[in-house]
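Data block below; observations after.
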Amino acid sequence: MGGRVVAAASAGSAALALVVAGCGAGGTGTRDEGPARAGAVTEETASPVSASPIPDRVDAVRLLKSDPRVSAEVKSELEPCVADEYPIDVSYGQLTGDGAEEVVVNVLTCGDAVGVGSYVYQREAGRYENVFAAEEPPVYAEIDRGDLVVTQQVYDHGDPVSSPSGENVITYRWSGGRFAEEARAHHAYDGADRSSTSAEGRG
């Protein structure tokens, strides 16, 4: 699938290691582990780490399928892997500072759990609005201490799919009604890491 990043803000990426692990250290969002059943995301949830109002669990599959900003390629992955279990990972947490919980949805492949799309939805006027989307696989997004952290494995020329050369980790912070890039780090699996920060954020 061709890479595409769209957002009311900016784009990001994610790591297969995070997909397998389920969540990163220091994260503060409540999580529905994926793959998730479509029916499971309509139940009530509670946050052990936040006193803010928490939304009813959304029907993430329906939300994604009805979202025109989600590509046809990603929507094609929204089929049950086994029985009624869909290849999605859903988490809730505060990202925009509006006092309500945002919804982060990752879409994975059934066979190898590779992230193909990551999205953030903000509740506005009784409905969920797409305020961030990254569709450059393998991609995975999560909430970490109020920031959006997006990780993407990267490949050098000739790397097999099973052996990426490293990963890019991008931290986004909500600012001025959009997600702005706050920091970026490259972790090379050979140990040659690089990182940078942006005081003003990048779009």
Heavy-atom closest pair, residues [X] and [Y]:
X	Y	value
Ser165	Asp156	OG-OD2, 3.2 Å
Val104	Ala141	CG1-O, 3.8 Å
Tyr119	Ala133	CD2-CB, 3.4 Å
Ile88	Ala60	CD1-CB, 3.7 Å
Pro137	Val116	CB-CA, 3.9 Å
Thr96	Trp174	O-CD1, 3.3 Å

Under 3.5 Å, is there a donor on one side chain and an acceptor on the other for Asp67 and Tyr121?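 Yes, Tyr121 and Asp67 have a side-chain donor paired with an acceptor closer than 3.5 Å.
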Does any donor atom in the side chain of Glu77 or Tyr86 lie under 3.5 Å from an acceptor atom in the other side chain?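 No.
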Qualifying residue for side-chain contact (heavy atoms from CB on, under 4.5 Å) with Arg173, from Glu182, Arg178, Glu181: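 That would be Glu182.
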At what distance, to the nearest 0.5 angstrom, does [atom1] of [X] lie from [atom2] of [Y]?
X	Y	atom1	atom2	result
Gln152	Glu167	CD	CD	10.5 Å
Lys65	Asp59	NZ	CG	9.5 Å
Arg184	Thr171	CZ	OG1	10.0 Å
Tyr92	Glu102	OH	CD	12.0 Å
Glu136	Asn168	CD	CG	9.5 Å
Arg69	Glu135	CZ	CD	9.5 Å

Is the shortest side-chain heavy-atom distance between [X] and [Y] below 4.5 Å?
X	Y	value
Leu63	Val61	no
Val120	Leu148	yes
Leu78	Leu64	yes
Glu85	Pro80	no
Tyr128	Val103	yes
Val149	Ile143	no
Phe179	Leu95	yes

Do the charged groups of Arg127 and Glu129 touch, with an N to O distance under 4.0 Å?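 Answer for the salt bridge query: yes.
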